[in-house]
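Have a look at the structure below, then the notes.
Quantities reported herein were computed from a predicted structural model and do not represent experimental measurements.
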Amino acid sequence: MTTALRGLHRAQVQLALQVLAEVVEDGAAADRALARQVRGNRKLGAKDRRWLAALVYGVLRRVCQLRARAGDEPGAWLSALLVEEYDAEVGQLDRFGLPAPPPPVAPTAAAARNWPPWLNAAAEAHFSAPRCDAIAQAMADQAAVDLRVNRLRCSPEQALQALQAEGIAVERVAAAPQALRLERRQPLQQTTPWRQGWIEPQDVGSQWICALLEARPGERIADWCAGAGGKALALAADQEDRGAILALDTDATRLSRIEARAQRLGVGSIATAALAWDGRLDPALLPEGGFDAVLVDAPCSGSGTLRRHPEQVLRAVDLDALAEQQLAILGQAAGAVRRGGRLVYATCSFLPQENDAVVARFLANHPAFSVVEAARVLPVPPASETDPWLRTLPDVSACDGFCALRLVRAR
């Protein structure tokens, strides 16, 4: 067996195939499918878990290229990965219960970027080929672990020192006052700062989006499409937990996760409510005069988060349908903003079809709203002096790909 494959056994390969089957056939998120396999196999050691993650994410970060070579079967993808990345020989593949892969083929530009055709076409419509290559290369890397320091409980320096005292390699992040970044992935749940609610995982780009809204104590804020509440929790901290935040989503299961997170962080100002299936708010939940600020973290293609969720390249995406949904949600949320209030539209997509084009259509039909340049609220960078949008990408911002724009309603 080649040195690179030392420690890899048939059982690990078969578990990886089970995870990939969940991802491909059931649409499961890779991280959750991996976690389920680990929980269900208590005898897995640290090396087993590392191999399992390496195989699953190794495939997903190259799946478009592997599919072009080996077809649609995850077993063939694993074979091709072991041959190309680990110098496996045919006899070794048989030992792992894997078929021999077809000969390699010259990948298309899309496959080389590990982008499905819909994403490649959408990106090439707005970016040069070298820019697409740079974005794709950055998206192929593993995302860093960013933390938001909970200002309700401690300062960034206190959290930094406490983590370092427990052997966690961590550093401050420029232009993100409450952010820390791990130098390498390490478990945090047993550390004192985690148990005391001093830290919470949140990408730096997400923290900048919350800063763009500029939540203030005493305000009434709505987090439209709040999911599990990461941004709502950050906004509550920005308000010193002295306000009223309504976290809204069509997915009640995701909303239900907010309560436990809020308790750990000492946040008491968040209420939750389900939106209608089409994103409409129950009129009874609208405060008199409207919300002071609304954040719309719209459903999107997720093209900016491929580092964390590489399995998204396997999903079929209809950008036109998404844009219609985004425009509808933005219009509904805008109706809940008071006169003089703020509205931030954000996606975790770097594609203009889901950002610039959507907001342009919105503004054409909502003349009461106008654009506020990101540089009036955030430092440069991450904001730009020539672009009103906040735009981040891993190759230039060292964080996930986000787009966000702040609007204000006329008084």
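Ring geometry for Tyr345 versus Trp389: interplanar angle over 60°, hence perpendicular rather than tilted (30 to 60°).
Nearest heavy atom pair, residue Ile221 against residue Phe291, reads C-CD2, 3.8 Å. Between Trp77 and Leu66, the shortest heavy-atom distance links the atoms O-CD1, 3.8 Å. In this structure, Leu180 and Leu160 approach most closely via the heavy-atom pair CD1-N, 4.0 Å. The minimum heavy-atom distance linking Asp400 with Arg307 is given by the pair OD1-NH2, 2.8 Å. Listed here is the closest heavy atom pair of Arg153 and Gln263: NH2-O, 4.1 Å. Scanning both residues, Ser397 and Arg391, for their nearest heavy atoms gives OG-O, 4.1 Å.
Summarising the local packing, CZ of Arg36 is surrounded by more than 12 heavy atoms from other residues, nucleotides or ligands at distances under 6.0 Å. Within a 6.0 Å sphere centred on CZ of Arg195, heavy atoms belonging to other residues, nucleotides or ligands number more than 12. The environment of CD in Glu288 is sparse: at most 12 heavy-atom neighbours from other residues, nucleotides or ligands sit within 6.0 Å. Counting heavy-atom neighbours within 6.0 Å of Gln158 CD, excluding the residue itself, gives a total above 12.
Using a 4.5 Å heavy-atom cutoff, the side chains of Leu212 and Leu295 are not in contact. Using a 4.5 Å heavy-atom cutoff, the side chains of Phe362 and Leu327 are in contact. Side-chain contact between Trp224 and Val344 is absent, with no heavy-atom pair separated by less than 4.5 Å. Taking the side chain as every heavy atom from C-beta outward, Arg131 and Asp395 approach each other to under 4.5 Å. At a threshold of 4.5 Å between non-hydrogen side-chain atoms, the residues Leu319 and Leu119 do not count as touching. Side-chain contact between Gln325 and Asp278: absent, with no pair of heavy atoms (C-beta onward) separated by less than 4.5 Å. Annotation: side chain of Leu44 is in contact with side chain of Leu15 (closest heavy-atom distance under 4.5 Å). For the pair Asp320/Glu324, no side-chain contact is recorded, criterion being any heavy-atom separation below 4.5 Å from C-beta on.
Under a 3.5 Å cut-off, the side chain of Glu25 and the backbone N or O of Glu22 do not form any donor-acceptor pair. Listed for the Asn355 side chain is a donor-acceptor partner under 3.5 Å among the backbone atoms of Ser349. The closest donor-acceptor contact from the side chain of Asp241 to the backbone of Ser269 lies under 3.5 Å. Judged purely by atom type and a 3.5 angstrom limit, Gln12 uses its side chain to pair as donor or acceptor with the backbone of His9. Checked by atom type and distance alone, the side chain of Gln207 pairs as donor or acceptor with a backbone atom of Leu147 at under 3.5 Å. With hydrogens and angles ignored, the 3.5 Å screen pairs no side-chain donor or acceptor of Ser384 with any backbone N or O of Val380. Looking only at distances, no side-chain donor or acceptor of Arg220 sits under 3.5 Å from a matching main-chain atom of Ala244. Between the side chain of Ser79 and the main chain of Pro101, no donor-acceptor pair closer than 3.5 Å is present. Within the 3.5 Å criterion, the main-chain N or O of Cys225 finds no donor-acceptor partner in the side chain of Asp297. Judged by distance alone, the side chain of Arg185 and the main-chain N or O of Ala143 form a donor-acceptor pair under 3.5 Å.
Atom-to-atom distance recorded for Thr305:OG1 and Phe402:CZ is 7.5 Å, nearest 0.5 angstrom. Interatomic distance, Leu363 CG to Ser370 OG, rounded to the nearest 0.5 Å: 8.5 Å. Separating the CG atom in Leu5 from the CD atom in Gln92 is a distance of 5.5 Å, to the nearest 0.5 Å. Here the CD atom belonging to Gln18 is positioned 9.5 Å from the CG atom belonging to Leu52, to the nearest 0.5 angstrom. With values rounded to the nearest 0.5 angstrom, Arg39 atom CZ is found 10.0 Å from Arg32 atom CZ. Gln186 contributes atom CD, which lies 4.0 Å from atom CD1 of Ile168 (distance to the nearest 0.5 angstrom).
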Should Asp238 and Arg216 be marked as a salt bridge (Lys or Arg N to Asp or Glu O under 4.0 Å) after you check the CA-CA gap, both sets of side-chain angles, and the distance that decides it? CA-CA 7 Å; Asp238 289 342; Arg216 300 156 186 159; over 6 Å; no

Working for salt bridge (Lys or Arg N to Asp or Glu O under 4.0 Å), residues Lys231 and Asp223: CA-CA 8 Å; Lys231 292 185 179 69; Asp223 182 2; over 6 Å; no

(message) Applying ring-ring contact (aromatic ring centres under 6.0 Å, His included) to Trp51 and Phe96, what does each step give before you reach the verdict?
(response) CA-CA 13 Å; Trp51 265 117; Phe96 298 133; 8.5 Å; no

Step by step, would you call Leu306 with Trp115 a side-chain contact (heavy atoms from CB on, under 4.5 Å)?
CA-CA 10 Å; Leu306 295 182; Trp115 285 354; 4.0 Å; yes

Practice problem: Check step by step if side-chain contact (heavy atoms from CB on, under 4.5 Å) holds for Arg406 and Glu214. | Solution: CA-CA 10 Å; Arg406 178 163 153 175; Glu214 210 171 11; 2.9 Å; yes

Practice item. Begin with the C-alpha distance, continue with both residues' side-chain angles, and end with the deciding distance and a verdict on side-chain contact (heavy atoms from CB on, under 4.5 Å) for Val372 and Leu407. Key: CA-CA 6 Å; Val372 177; Leu407 306 168; over 6 Å; no

- Task: Go through the steps to decide whether Leu343 and Phe369 satisfy the test side-chain contact (heavy atoms from CB on, under 4.5 Å), and finish with yes or no.
- Result: CA-CA 9 Å; Leu343 173 64; Phe369 285 86; 3.8 Å; yes

What verdict does the salt bridge (Lys or Arg N to Asp or Glu O under 4.0 Å) test give for Arg342 and Asp292, after you've listed the backbone C-alpha separation in whole Å, the side-chain angles of each residue and the deciding distance to 0.1 Å?
CA-CA 6 Å; Arg342 308 180 303 284; Asp292 299 292; over 6 Å; no

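Side chains of Thr347 and Gln326: no donor on one and acceptor on the other come within 3.5 Å. Side-chain contact annotation: Gln161 with Glu157, donor-acceptor N/O pair under 3.5 Å present. At a cut-off of 3.5 Å, with distance as the only test, no side-chain donor of Arg61 or Asn114 sits close to an acceptor on the other residue. If you check the side chains of Gln37 and Asn41, you find a donor sitting under 3.5 Å from an acceptor.
Remark: of the listed residues Arg315, Glu354, Gln312, Glu354 is the sole one forming a side chain to side chain donor-acceptor pair (under 3.5 Å) with Ser301. Each of Arg148, Arg264, Gln178 was checked for a side chain to side chain donor-acceptor pair (under 3.5 Å) with Glu200, and the lone residue meeting it is Arg264.
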